[in-house]
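One structure is given below, encoded as structure tokens.
Just so we're on the same page: letters track the sequence lines, and every chain starts at 1.
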Protein chains: 2
Amino acid sequence: MNEQGPTGRERRHARTRQAILEIALELSNESGLEELSLREIARRADFSPAGLYRYFESKEDIVAALAADATRLLTDHLNSVPTNLHPRERLIRLGLAYLTFAGENPAHFRLLFSDLPAGRSSLSEPVPANSPYAILLDAVQEAIKSGDVVVPGGDDGAEAMAFAIWSLVHGMALLKQVHLRTFDANFDAIYRHALERMVGTHGRT
Amino acid sequence: MNEQGPTGRERRHARTRQAILEIALELSNESGLEELSLREIARRADFSPAGLYRYFESKEDIVAALAADATRLLTDHLNSVPTNLHPRERLIRLGLAYLTFAGENPAHFRLLFSDLPAGRSSLSEPVPANSPYAILLDAVQEAIKSGDVVVPGGDDGAEAMAFAIWSLVHGMALLKQVHLRTFDANFDAIYRHALERMVGTHGRT
DNA sequence: CTTACTATGTAAACATCGTTCACTTTACAA
DNA sequence: TTGTAAAGTGAACGATGTTTACATAGTAAG
């Protein structure tokens, strides 16, 4: 066999893998991640429990694959925010996009940044390209460069601000989805106020 | 037996209960909450697995007791922040106290707001007295009353601001402890910058 | 076409888990 | 001392994630 594209068998293998992941995601959205069971996935996929091990090394491996999917989907979603907005408004819109994603994809969201460690281990390492954080950091740097946002502390100031925004939206999404899951309020308005305060737009622009 | 204080048996029962909880907390701090095992608690407490059921209804019940402890400890810790500070500085110190608590009590922190639903279900209900959120909300209301902090939207504005601060510190603590657990940076400085930005103190006061 | 070989799938077993049940032992009150 | 409730145990149940040995189906080479 020469070097060429994926064979039929490989394509079928990849498709089955994907199908398993979709069932795992369904199950997670129905009953939560804690109760996700390998054997239940197997039942719904008409597999014997052992069969899944031809496609994944372990249950943890399945969850990791879901988390990787989540990161890719979030990246796409953040990339759909226009880049030519007023810099502060762009930051706000990125935050709101994060919150929308979390609301619409609860299981995927719960996987974000909750298991896999970060891709880098200090500020001196490069930011992983095409990651959600890279998009946010870029927007912060643009806002600083345009003078629209002022941060202390030079280069690392942008990272500090990106981390703050990230923490804020992640915290809001998590609290709403877990601890405040039965709380009735207009979260969309609250989200926007919080982001405007963080980014520095306290009134209308 | 007349109505009087706890008998010797009741005191011993309560002490054993507490001892079990301490072992459960130790185990959580060592190996994480996900891997906490009833049987491992029993082994370390020199109990048979079934014996624990004289003290707790279920594993979930043990975790709930730990979470209640966590809330009480956090409340104490927040109450140790002076109340006579400059209103904005007080808010910042409350946030930093939250982050300190999270850093020093990782297992207890992971239980905070992560399992039990909130004590109220809409803004019209009263805030649970002596809760961490009540302390924060009170500080926000003081800051607004003093004119030190300006929020839009009347009464609910204070709640929105309290939620924003809460989300920010919770998100920062969580991201640092989970996704950024191997990341090396001066988080204390980052925490303070983020809080100052959120509360509105952008330079020295 | 046949012969290897690999991919795919299964059944059975293992260790562990949370939980329950029947039972014994301990401690205290009358 | 006796009766009763609490405290504690071992064995079992059903469930989990995982491994092993085995069967079958597809495919590539002779």
Specify whether [X] and [Y] have parallel, tilted or perpendicular ring planes, treating 30° as the upper limit for parallel and 60° as the lower limit for perpendicular.
X: B/Trp166; Y: B/Tyr133; result: tilted
X: A/His179; Y: B/Phe113; result: perpendicular
X: A/Phe187; Y: A/Phe183; result: perpendicular

Straight-line distance of B/Ile135 CD1 to B/Leu137 CG, nearest 0.5 Å
11.0 Å
Using a heavy-atom cut-off of under 4.0 Å over every strand shown, decide if A/Arg43 touches base, sugar-phosphate, or nothing.
sugar-phosphate
Each nucleotide of nucleotides 3-10 of chain D classed B (base within 4.0 Å of a protein heavy atom), S (only sugar-phosphate) or -, in 5' to 3' order, makes ---SBBBB
Between A/Ala24 and A/Leu36, what is the shortest heavy-atom contact and its length?
O-CD1, 3.8 Å
Pair A/Ser121-A/Glu125, side-chain donor/acceptor within less than 3.5 Å:
yes
Scan side-chain atoms only and decide if A/His108 and A/Asp69 contain a donor-acceptor pair under the 3.5 Å cut-off.
no
Which residues in residues 25-37 of chain A have a heavy atom closer than 4.0 Å to any atom of DNA chain D?
A/Leu36, A/Ser37
Taking the axis from the first five pairs and the axis from the last five, what angle separates them in the helix from C/dC1-D/dG30 to C/dA30-D/dT1, rounded to 10 degrees?
10°
Salt bridge check, B/Arg90 against B/Glu142: does any charged N sit closer than 4.0 Å to a carboxylate O?
no
Check: A/Asp61 side chain, A/Phe56 main-chain N or O, donor-acceptor pair, under 3.5 Å
no
